[in-house]
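Written below as structure tokens is the structure these notes are about.
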Amino acid sequence: MRIALSVALAATLAGCATSPVDYGTSLSPQDPKYASPECQQARTAAADYSAREKTHPGWAFVALGPYGLGILAATKEAEQKQRKLFARAVHQQCSSLPLPKELQGDLNPAGVGTKYP
């Protein structure tokens with residue numbers, strides 16, 4: 001059990017994505033797109049998501065034993081994808097610079113690439 005907990009903890013901490021709110025504040029306010037209504041809407045949506053993210057059950061799933069660790073890992077992975085999606089939206093609406101490498105790629109939370117027999 002101790003090993004499973006250590007593995008789950010390491011997996012959740014390994015790929016922490018930057019908060020979309022922090023990413024939005026790191027963008028340059030001198031960019032012409034930064035003052036646009038679309039940018040303000042994207043930053044507001046990111047702030048709302050960050051507030052909702054803090055209210056999730058989190059470590060309460062660990063009480064379910066080994067099944068809870070799996071649920072916790074899946075929840076953390078979904079949160080990281082959502083953070084990247086919101087950060088990508090903020091970047092696209094607030095910056096004229098190209099999309100950074102860490103925000104590129106398929107971040108679809110539904111897992112469109114998954115095929116079942």
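Just the heavy atoms: all of them, side chains too, but no hydrogens, waters or symmetry mates, feed the values below.
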Which other residues belong to the hydrophobic cluster containing Phe86, where Ile, Leu, Val, Met, Phe, Trp and Tyr are joined when side-chain heavy atoms lie under 4.5 Å apart, directly or via other members?
Tyr49
Taking the side chain from His91 and the backbone from Leu27, do they hold a donor-acceptor pair closer than 3.5 Å?
no
Quick one: list whatever passes side-chain hydrogen bond (donor to acceptor under 3.5 Å, both in side chains) with Ser26, sequence neighbours left out.
none
Minimum side-chain heavy-atom gap Arg43-Cys39 below 4.5 Å
yes
Separation between NZ (Lys33) and OG (Ser96), nearest 0.5 Å, reads 5.5 Å
Suppose we screen for side chain to side chain contact (heavy atoms under 4.5 Å, CB included). Which residues come up paired with Ala42, at least two apart in sequence or across chains?
Val90, Gln93
Taken to the nearest 0.5 Å, the spacing of Lys76 NZ from Gln80 CD works out to 8.5 Å
Those residues at least two apart in sequence (or on a different chain) that pass side-chain hydrogen bond (donor to acceptor under 3.5 Å, both in side chains) with Asp48 are none
Once side chain to side chain contact (heavy atoms under 4.5 Å, CB included) is applied, do any residues pair with Gln92, and if so which ones, sequence neighbours excluded?
Arg88, Leu99
Reported CD-to-CD distance for the pair Glu79 and Glu77, which is rounded to 0.5 angstrom
11.0 Å
Taking only residues two or more places apart in sequence or in another chain, which ones pass side chain to side chain contact (heavy atoms under 4.5 Å, CB included) with Ser28?
Gln30
